[in-house]
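First comes the structure, then the notes that go with it.
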Amino acid sequence: MQDRSNDARARLEAENAETHTLERIAELGALVTRLTGQVRDLQDKVQTLSTGAEEKLADLTRRVALGEADRAVACAENAGSRGPAASPKEKESTDGSEAQDRTRMKVAAADLKRTYRIQAASPGLAMLTAVDGSPDDRPVEVAIGTDLPGYGKVLSIEQHGQAWVVKADRGSIE
């Protein structure tokens, strides 16, 4: 009889131990599920913050490039204003035929492909300076879609390593 009570007691202890183990496994499962959800939430937050930071960095980079371009334009304009003054004779000769000649020269110059250097750039925006020695050396601001004389429509403004490239219908500027 004592063997039966010992067997029953051993079975009862085994069942209790098994129940306790199953309860612990259920608790661990719930914990894993909760932690997995928290990890997903954190990953979503990191992605959101990363995207926001990238957008802010791109905006800041664009603003810095625009500031640099504005400074470069101001310097170029100041350098142009310090050039030799026009003689009084040139100032007086502004009759209609000379104005027409200048207009024809500007139209003809617009069709020529000029040589440019990229002075400043950011994604989608660039400041170009003519380096071909033409009389009109003012910086030119171009964006995607701008019609650049001699090159056609600007298709892209991209950074390749440390250098910027402006790609247009009929050529690119590096």
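We count residues from 1, following the sequence as given. From a predicted model like this one, the values you see are computed outputs, not experimental measurements.
- Counting heavy atoms of neighbouring residues, nucleotides and ligands inside a 6.0 Å radius, atom CD of Glu18 does not exceed 12 of them.
- Under the 3.5 Å distance criterion, the side-chain polar atoms of Glu55 are left unmatched by any main-chain donor or acceptor of Leu57.
- Of all heavy-atom pairs between Ile157 and Ala143, the closest is CD1-CA, 4.1 Å.
- A search for salt bridge (Lys or Arg N to Asp or Glu O under 4.0 Å) contacts involving Glu27 returns Arg24, not counting sequence neighbours.
- Rounding to the nearest 0.5 angstrom, the gap separating the CG atom in Leu42 from the CD atom in Gln38 is 7.5 Å.
- Heavy atoms only, all atoms of each residue included: Gly152 and Arg170 are closest at N-NH2, 3.4 Å.
- Looking at Val142 and Ile173, their side chains never come closer than 4.5 Å, going by heavy atoms from C-beta outward.
- No side-chain donor-acceptor contact under 3.5 Å links Ser50 to the backbone of Val46.
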Item to check | Candidate pair Val140 and Thr146, rule side chain to side chain contact (heavy atoms under 4.5 Å, CB included), full reasoning | outcome: CA-CA 11 Å; Val140 178; Thr146 302; over 6 Å; no
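- Between Trp164 and Pro123 there is a side-chain heavy-atom pair separated by less than 4.5 Å.
- Classification of Arg63 and Asp59 as a salt-bridged pair holds, one side-chain N sitting under 4.0 Å from a carboxylate O.
- In terms of heavy atoms, Pro139 sits closest to Met127 at CB-SD, 3.6 Å.
- When all heavy atoms of Ala65 and Ser122 are compared, the closest pair comes out as CB-CB, 3.4 Å.
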Item to check | Full working for side chain to side chain contact (heavy atoms under 4.5 Å, CB included) between Tyr116 and Val166 | outcome: CA-CA 10 Å; Tyr116 290 100; Val166 175; over 6 Å; no
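- Taken to the nearest 0.5 Å, the CG atom of Asp169 stands 7.5 Å off from the NZ atom of Lys153.
- Put simply, OG1 on Thr21 and CD on Glu23 are 9.0 Å apart, with the number rounded to the nearest 0.5 Å.
- Atom CD1 of residue Ile144 and atom NZ of residue Lys167 lie 11.5 Å apart, to the nearest 0.5 angstrom.
- Side-chain contacts under 4.5 Å among hydrophobic residues (ILVMFWY), followed directly or transitively, place Val165 with no other residue at all.
- With a 4.5 Å cut-off between side-chain heavy atoms of Ile, Leu, Val, Met, Phe, Trp and Tyr, the cluster of Leu60 takes in Val64.
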Checklist entry - How far apart are the C-alpha atoms of Glu141 and Leu125, what are their side-chain angles, what is the distance that settles it, and do they pass the side chain to side chain contact (heavy atoms under 4.5 Å, CB included) test? => result CA-CA 7 Å; Glu141 183 178 312; Leu125 184 66; 3.6 Å; yes
